[in-house]
2 protein chains.
Amino acid sequence: MSQTPLPYRPHNHRACVDQALADAHRICNDAKARLTPTRERVLELIWQSHKPLGAYDLLGALAQDGHNAAPPTVYRALDFLQQHGLVHRIASLNAFVGCAHAGHRHTGFFLICRACRNVLELSAPHVAEAVDQAAQDEGFAAEDTTLEIAGLCPACQQEGGHE
Amino acid sequence: MSQTPLPYRPHNHRACVDQALADAHRICNDAKARLTPTRERVLELIWQSHKPLGAYDLLGALAQDGHNAAPPTVYRALDFLQQHGLVHRIASLNAFVGCAHAGHRHTGFFLICRACRNVLELSAPHVAEAVDQAAQDEGFAAEDTTLEIAGLCPACQQEGGHE
DNA sequence: TCAATGGATGAAACATTATAACATCGCATT
DNA sequence: AATGCGATGTTATAATGTTTCATCCATTGA
Ligand SMILES: [Zn+2]
Ligand SMILES: [Zn+2]
Ligand SMILES: [Zn+2]
Ligand SMILES: [Zn+2]
């Protein structure tokens, strides 16, 4: 159950990506939304990295494909993917990661390693509740929570990630 | 005790700003850091607004002063103010606010009204603890937490902030 | 079949936010 | 006076994100 989280350990990454794409197809289908080739490719690129990618990283990767895209192409794909809960934007990095819980209601919550730059998405509901409660105590109607934690992942603490 | 938080209600704002500046002088003095005129002016501008200001807003305000500053001037002042805990950067807005708890150890935590754009900084320690605990449960060494909540403040919920 | 509709993309320009690099200034110490 | 060093000035550029308008293309409905 409580084994090392996925991004931190080796795994069959092709299968991991394929699974994410299959899920995405299902989710979009259910929502009657169109997961077009560009959108799918952007999602695939994001999943392949398991690390946050900037919009211009994606733009570069598309260029490698021979797809001569301009910024709006990528930003539009990202908007779509975010709206359907398939990717998240990490505000503190200006970058995007695949959602680890696509299809399930959740308030994401990110552990960002400053050494290896892997990101782990948690969905600890009690944290979300504590946050919502604190907002409510101030009479504030919370709509969107950004919770991003920078630090060192278990692996990088070993190998002298200490500066 | 639990009255309306400061930014949400009228108050003697000149005194509020003066207090913040006086605190800043004391804090910098204690740290043997120099709160130079530019740095002080930037801090004053930030406090005057009680709302997040972008670096280029500040640049514009300095220009009004007749100070013909370039971007690095403002970013350097902001870096200094952040390092001494006098302002915070709001990652989800690319903007800066005065720290409401300057001088005290705290993990900031922001309620950002999407209607009036006021920001309230809380320092709810139990939320910070819940977050740190969740990170520790994953073996993650948390160093810096970004927690920003967008929504509607009490005042704006009244006046049809509902879209 | 064909025109109309509306979502999706292409393309160019532009806006905003942030940093790099190097010169200079001014004050404190010696 | 010479030196050192933090702070500032200046120019250029990088990185991130948006606006606008034109065009394409799949679906629909006549
Ligand atoms: Zn998610
Ligand atoms: Zn790591
Ligand atoms: Zn603070
Ligand atoms: Zn408000």
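Below, chains carry the letters A, B, ... as their sequence lines are ordered, and counting in each starts from 1. The structure presented is a predicted model; accordingly, all values stated were derived computationally and were not measured.
Smallest separation of non-hydrogen atoms from B/Cys16 and B/His50: SG-NE2, 3.6 Å.
Nearest-nucleotide positions on DNA chain C place A/Asn68 closer to the 5' end than the other of A/Asn68 and A/Tyr56. DNA chain D is contacted by both B/Pro71 and A/Pro72; B/Pro71 maps to the nucleotide lying nearer its 5′ end (nearest heavy atom per residue).
Taking only side-chain atoms of A/Ala70, from C-beta outward, the nucleotide of C/dA11, D/dT8, D/dT10 with the closest atom is C/dA11. Proximity note for A/Phe96 (side chain, C-beta onward) versus D/dG17, C/dA11, D/dT10: the nearest is D/dG17.
For B/His67 and D/dG9, the shortest distance from a side-chain N or O to OP1 or OP2 is below 4.0 Å. Distances shorter than 4.0 Å separate some side-chain N or O of A/Tyr75 from OP1 or OP2 on D/dG17. Side-chain N/O atoms of B/Arg34 include none lying less than 4.0 angstrom from OP1 or OP2 on C/dC27. Taking side-chain N and O atoms only, A/Thr73 has a distance below 4.0 Å to OP1 or OP2 of C/dG10. Put simply, A/Thr38 has no side-chain N or O that comes within less than 4.0 Å of OP1 or OP2 on C/dA8. For C/dT16, neither phosphate oxygen OP1 nor OP2 lies less than 4.0 angstrom from any side-chain nitrogen or oxygen of B/Asn94.
Rounded to whole Å, atom C1' of D/dC5 lies 16 Å from atom CZ of B/Phe80. The separation between B/Leu59 atom CG and D/dT8 atom C1' is 14 Å, rounded to whole Å. A/Asp79 places its CG atom 14 Å from the C1' atom of D/dT19, with the value rounded to the nearest Å. As a whole-Å value, the separation of A/Gln83 CD from C/dG7 C1' is 13 Å. Distance NZ (B/Lys32) to C1' (C/dT29): 17 Å, rounded to an integer number of Å. We find that CD1 of B/Ile90 is positioned 12 Å from P of C/dA18, with the value rounded to whole Å. Rounded to whole angstrom, the span from the CG atom of A/Leu78 across to the P atom of C/dT9 amounts to 12 Å. Between A/Leu53 atom CG and D/dT16 atom C1' the separation is 15 Å, expressed in whole Å.
The only member of A/Glu121, A/His101, A/Gln82 that meets side chain to side chain donor-acceptor pair (under 3.5 Å) when paired with A/His88 is A/Glu121.
Contact of the B/Thr107 side chain with the B/Leu147 side chain is not registered, since no non-hydrogen atoms from C-beta on lie closer than 4.5 Å. Counting heavy atoms from C-beta outward, B/Val97 and B/Lys51 have side chains that stay 4.5 Å or more apart.
Contacts of A/Arg76 with the nucleic acid, taken as non-hydrogen atoms under 4.0 Å apart, include base atoms.
One finds the CZ atom of B/Arg114 at 4.0 Å from the CG atom of B/Leu152 (value rounded to the nearest 0.5 Å).
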